[in-house]
Amino acid sequence: MVVVGAGLEGDVHPRPYGDGIVDEGDVAQAMRHLLGIEEQPSAGEFRRLDCAPEETCGDGRIDVADVVAIRRIATTSATSILPSPQVSS
């Protein structure tokens, strides 16, 4: 079993691990995933991309709500956003 570091919700740029900051680069990366321009995200990237609805830390799919949530995180001081839960594989 391998335990992957948690990372921040929405932190997907630069690929594949992010940089510890959620900013406009993450919004652009999320949009590229949504539009299918980028290759499939890894399990860790998917977990960080899938951040809406906030109440459940995602819903198992990448959609426009996730891009909006990442944009909100990037443009506000969203201090209520917690690190993503750890994933083991």
Side-chain angles (χ1 to χ4, degrees):
M1 174 183 279
V2 176
V3 177
V4 179
L8 295 174
E9 293 281 350
D11 183 20
V12 293
H13 179 75
R15 292 191 78 187
Y17 305 111
D19 58 5
I21 301 168
V22 180
D23 58 18
E24 291 302 316
D26 299 293
V27 176
Q29 186 67 42
M31 184 61 81
R32 287 192 292 270
H33 280 293
L34 177 65
L35 296 174
I37 296 169
E38 287 286 339
E39 63 187 46
Q40 289 284 12
S42 68
E45 288 175 303
F46 187 91
R47 178 180 37 76
R48 294 189 313 274
L49 279 164
D50 183 24
C51 56
E54 187 177 333
E55 299 80 30
T56 60
C57 294
D59 57 5
R61 61 184 181 194
I62 305 302
D63 57 23
V64 71
D66 298 303
V67 175
V68 169
I70 293 169
R71 179 149 182 90
R72 184 186 57 77
I73 295 166
T75 57
T76 65
S77 58
T79 56
S80 65
I81 302 301
L82 300 175
S84 297
Q86 291 187 351
V87 172
S88 56
S89 53

Neighbour count >12 (heavy atoms, 6.0 Å) for atom OH, Tyr17: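 Open.
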Main-chain N/O of Val22 paired with Asp11 side-chain donor or acceptor, under 3.5 Å: no
Under 3.5 Å: donor-acceptor pair, side chain of Thr56, backbone of Asp59: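 Judged by distance alone, no pair lies under 3.5 Å.
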Kindly compute the distance separating [atom1] ([X]) from [atom2] ([Y]), expressed to the nearest 0.5 Å.
X	Y	atom1	atom2	result
Ile37	Gln29	CD1	CD	10.0 Å
Glu9	Asp66	CD	CG	9.0 Å
Ile21	Asp26	CD1	CG	9.0 Å
Glu45	Ile62	CD	CD1	10.0 Å
Arg47	Leu49	CZ	CG	10.0 Å
Arg32	Arg15	CZ	CZ	9.0 Å

Smallest separation among heavy atoms of [X] and [Y], with atom names:
X	Y	value
Gly10	Ile70	CA-CG1, 3.6 Å
Leu8	Gly20	CD1-O, 3.2 Å
Gly60	Asp50	N-OD2, 2.7 Å
Ala65	Ala52	O-CB, 3.5 Å

